[in-house]
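Note on naming: letters A, B, ... go to the chains in the order of the sequence lines (proteins, then strands), and numbering restarts at 1 for each one.
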Amino acid sequence: MAPPQGQMRPGRQLAVLGVIFVVLYLLVFFAGGASGGWKDRLEPKLGLDLVGGTRLTLEATNTIDGRPPSAESLEEARRIIENRVNGLGVAEAEVVTEGNRNIVISLPGENRDLTEVGTAAELRFRKVLKVTDGSGATATPPSATPAPSGSPAPSGSPAASPSASARATASPSAGGQGGGAPAPSATPAPSASASAAPAPSASAEPVPQGIEEQRKAVEQKVGAAAWQAANGLQAPADVSADPTLAERLKPFGTLTPREIAVLPANMQFNVPTITCEQLDDRPAGSINDEKQQAVACETGAKYLLDVAKVLGTDVDDANPALDQTGQWVVSLNFTGDGQSKWTALTREAFNNEGQACDASALGQDGKCRVAVVLDNNVISSPEIQGVLTGDSQITGSFNNRTATELSSQLRYGALPVTFEPQEQQNVSATLGESHLRAGLLAAGIGMALVIIYAFFYYRLLGSVIFLSLVLSALLVFGALVYLGRQIGFTLTLAGIAGMIVSLGVAADSFVIYFERLKDEIREGRSPRSAVPRAWVRARRTIISANAITILSAVVLYIVSVGAVKGFAFALGLATVLDLVVVFLFRHPIMTMFARTRAFLSPRVSGLGRVLPAKGTEQASTRNPRAKEA
Amino acid sequence: MAKSGLANRLYRGEAGLDIVGRRKVWFTVAGVLVLLAILSFALRGFSLGIEFSGGNSFQVPASVGTLEQTEDKVRDALAGPGGGAELVTAQEVGGPSGDFYELRTSTLDAGESEAVKLALAEDFGLNPDQISANQVSEAWGSQVTSRALLGLVIFVALVTLYLILRFEWRMAAAAVASLFLNLIITAGIYSAVGFEVTPSTVIGFLTILGFALYDVVVVFDKVQENTRGITASNNQTYGEAANLAVNQSLMRSLNTSVVALLPVGGLLFIGAGLLGAGTLKDLGLVLFVGMAVAFLTSISLATPLLVLLKNQEPRIQAHNKRILARRGAIARGEVTPKGTPKAATEGDEPVDPEQAALAGVAPKVGARPAGKRPTGARGGRPAGGGGSRPGGKRR
């Protein structure tokens with residue numbers, strides 16, 4: 001029969017549905033990391049509550065003095081970590097604080113590598129003031145280093161005053177110290193007594209008592225002679241010129257990274273026996289104080305770094321990008337305030353204001369370099385080629401993965417507390433198999449009840465409901481398995497419950513349709529002609545109603561975090577797939593159904609009861625002039 | 001089946017229940033419920049689960065026995081010194097430094113926690129040092145909750161916009177108002193009965209959000225259809241047309257709710273009946289209550305609210321007046337044109353012109369399709385006046 005205008009071709013739509021099925025299940029079985037036997041490939045990712053997972057405890061090590069961080073900053077760190085973990089996908093991670101210095105992260109799935117999650121991403125932008133070799137005792141200063149050991153004043157003799165101009169809090173007393181040491185904490189106290197050491201630094205930045213004690217302990221460990229020698233250094237010691245000095249400084253080479261961390265920055269820099277290896281292994285957060293100068297290494301070179309003038313929190317957004325030369329870089333957008341800080345810093349570096357940067361630290365064009373420091377490591381230290389008023393890039397030897405990793409670390413903000421990961425553990429499910437079984441049983445019961453009701457109420461049409469529910473379930477399941485692999489979508493018990501609920505909603509679109517059909521027939525239409533008309537009207541209602549569900553799912557998915565995000569995803573997925581089944585299965589099948597003889601019998605389709613219940617008249621459904629009530 | 005019982009009439013969409021006309025009753029009931037709910041929020045508040053309020057955790061070496069045995073002993077210990085605290089989750093933790101059980105409980109103060117620890121040590125014959133006790137923060141941080149609320153606000157704003165575009169602002173206002181009533185009443189029931197609020201509850205709430213509006217949209221869709229071009233006809237006031245729409249979609253709403261409640265009932269039955277507690281029960285409960293309330297509000301609140309708003313519109317006002325005047329004339333002059341009141345007289349509504357008119361028109365619900373029939377395959381719109389419209393406008 002030639003379809004009337006606007007008539008659909010049911011075969012075509014069913015074919016489209018078939019293609020969707022084939023593609024989906026091909027993806028399920030063969031795409032994106034499918035592995036193992038057929039059965040393994042069909043397993044959706046289950047959540048923490050159902051299958052257990054991996055747990056990592058992070059211990060706050062922020063304060064070198066050993067005090068626990070404040071409850072607020074611990075909570076803030078917890079929130080940031082939660083964002084970060086959930087940023088890994090739609091997995092529903094659990095992040096809690098425990099006691100007063102631990103954060104416990106649990107992720108579904110065993111043997112996940114969580115170490116990245118807890119690593120602090122404290123980003124600092126610091127001018128490179130000086131450079132020396134960090135490879136160890138036989139330090140031959142880089143050719144650029146003009147500082148022979150004897151001369152206390154390297155080329156940057158006025159360095160102290162510019163650094164004072166750059167930072168308001170710098171103690172002017174530094175000016176008298178022959179220039180090489182711009183840092184207040186670096187003030188080389190003439191007497192080696194430790195008691196003198198805190199005085200100058202305290203003038204600028206009070207050092208917690210704990211650090212002083214630890215410094216004293218280190219002093220005892222290395223011995224007074226070595227300490228004195230180290231303290232007397234004004235510039236990186238040229239041990240080749242003075243072997244006895246090398247001998248005296250040797251004990252520093254035996255210090256642990258943790259002990260190194262408590263030394264004043266200029267000592268870390270000047271003592272050649274302190275190697276980059278030791279510096280790199282300092283505990284996380286050792287140089288996170290933005291108001292202190294710091295020492296860090298890049299490819300074996302030891303840098304003395306200025307106070308941090310731009311922080312990770314000034315970064316608004318960070319993204320991996322390819323620059324013109326095809327190198328991976330991390331592009332940065334600053335916040336409004338951060339942008340002006342960054343512009344100021346680049347201007348300062350470009351002009352080398354006050355000659356703050358030592359000649360050894362200048363780049364090829366004689367401009368200062370600005371080091372991008374993440375935790376204890378210099379990621380890159382580009383020479384500043386101009387005053388930067390817009391977005392910037394961090395260059396370095398990135399590949400796609402490392403650039404993505406760094407930008408996501410930066411994007412999620414700097415942790416206010418730094419952590420050391422403790423051992424990773426496997427945890428069992430909190431609800432476990434009995435609940436999973438119960439959930440599936442509930443789904444089964446729910447589905448059975450709906451189907452019984454459908455058969456009871458709509459008779460043979462119930463089979464259409466039955467088939468579409470089965471199709472919906474298969475589509476949802478396939479999507480679950482595939483998305484579990486692709487975006488880490490995990491199914492928790494709440495998610496299963498959400499799916500059960502969506503069963504009812506999926507069945508509802510039938511109710512709308514069939515009730516419409518009844519309306520049409522009641523108005524005197526034959527079932528055959530009622531089908532397309534009812535469809536046109538029901539479609540409108542179904543779309544507007546489902547649009548609301550989809551809208552709520554999208555909003556919740558975008559706005560919320562954690563479990564709600566996963567739930568919203570499940571809800572949206574189920575609704576969209578329901579629409580697919582409505583359009584590509586139910587409508588064509590009903591159209592085909594309407595052409596059969598059986599459909600015309602009200603006994604079969606359950607539509608006949610719409611008409612006045614008079615047995616003999618049931619056959620007259622097709623008669624538009626059915627009896628009036 | 002009954003020849004013309006309520007069920008049968010319902011089935012045929014001819015129940016002729018006067019829902020819109022009795023709106024004062026519904027509004028009063030809703031007002032009282034909302035008041036009770038707010039009172040309950042203020043006086044009783046909500047009982048928050050460990051996921052919101054935080055709690056304590058105890059770690060016991062796995063060498064003490066099976067997880068079930070350990071759970072039982074912890075429950076005993078909590079009943080004594082713990083002052084009625086509950087065991088919330090228990091899980092086995094395995095790591096390089098040996099396996100242990102971790103048991104999370106609701107909040108204990110420092111003294112209670114110490115007492116529980118000592119009691120456990122005694123029970124298991126362990127040194128108290130081998131059991132570690134800790135405070136645990138809420139796992140479902142305030143952030144998750146506040147983001148969920150933010151989502152709710154944004155959703156309501158967007159959905160209002162959508163409804164205004166799809167329908168009109170009065171319908172949007174009525175739909176959103178009934179949504180809020182729904183949420184408040186559901187939350188009120190939660191607060192009053194003292195069900196525990198867990199993440200599942202919050203998720204359930206967010207589900208109801210979509211479901212309640214879904215229901216209302218389906219009903220309003222029918223109302224819109226029925227009232228299209230209503231001012232051109234002479235038969236119905238807006239309220240009557242809306243009431244007809246509600247009646248016509250009553251069976252649909254009922255079916256939908258049954259179909260949606262069946263699986264939720266299964267969930268609840270399994271969750272509460274077989275497992276005792278946990279995620280399934282929480283979710284099942286909030287969904288069951290919320291969906292049932294959603295069904296009732298979509299029928300008895302949303303449409304009456306809409307009629308109330310619509311009747312303020314000058315165009316509709318004039319139309320209603322005209323109809324009533326015409327009807328008055330008929331009543332004075334001749335016999336009532338069609339049928340006699342039957343279904344809608346069971347109410348005890350006051351005698352006010354509109355009410356009376358509504359009651360009078362109720363049988364038309366059934367009469368309309370019959371009258372329509374002769375117009376055959378073309379005039380399929382159930383909108384407007386059915387058979388008694390001479391049809392001049394359309395043809």
Using heavy-atom distances under 4.5 Å, tell me whether [X] contacts chain A through its side chain, its backbone, both, or neither.
{"X": "B/L262", "value": "both"}
{"X": "B/L149", "value": "neither"}
{"X": "B/S257", "value": "neither"}
{"X": "B/V258", "value": "side chain"}

Looking at A/S544, A/A448, A/G446, A/A454, which has the largest count of heavy-atom pairs under 4.5 Å with chain B?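 Option with the greatest count: A/S544.
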Please look at A/I445 and chain B and tell me whether the side chain, the backbone, both or neither of the residue comes under 4.5 angstrom of a heavy atom of that chain.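 Answer is side chain: those atoms of A/I445 sit under 4.5 Å from chain B.
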Counting only non-hydrogen atoms closer than 4.5 Å, does A/N102 touch chain B with its backbone (N, CA, C, O), its side chain (CB onward), both, or neither?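 Contact with chain B involves no heavy atom of A/N102 at all.
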Can you tell me if OH on B/Y162 sees more than 12 non-hydrogen neighbours from other groups inside 6.0 Å?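 More than 12 heavy atoms, drawn from other residues, nucleotides or ligands, come within 6.0 Å of this atom.
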Mind checking whether B/P263 and A/V450 have side chains closer than 4.5 Å, heavy atoms only?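 B/P263 vs A/V450: side chains touch.
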Is there side-chain contact between A/T549 and B/Y214, with heavy atoms separated by less than 4.5 Å?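 Touching, per the 4.5 Å side-chain cut-off.
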What is the distance from atom [atom1] of [X] to atom [atom2] of [Y], rounded to the nearest 0.5 Å?
{"X": "A/L551", "Y": "B/L158", "atom1": "CG", "atom2": "CG", "result": "5.5 Å"}
{"X": "B/E225", "Y": "A/T541", "atom1": "CD", "atom2": "OG1", "result": "7.5 Å"}
{"X": "A/R537", "Y": "B/K222", "atom1": "CZ", "atom2": "NZ", "result": "7.0 Å"}
{"X": "B/F155", "Y": "A/I548", "atom1": "CZ", "atom2": "CD1", "result": "6.5 Å"}

Under a 4.5 Å cutoff for heavy-atom pairs, which residue among [options] has the most contacts with chain A?
{"options": "B/V217, B/D221, B/N255", "answer": "B/N255"}
{"options": "B/L152, B/N56, B/V218, B/V264", "answer": "B/V218"}
{"options": "B/G151, B/G266, B/S253", "answer": "B/G151"}

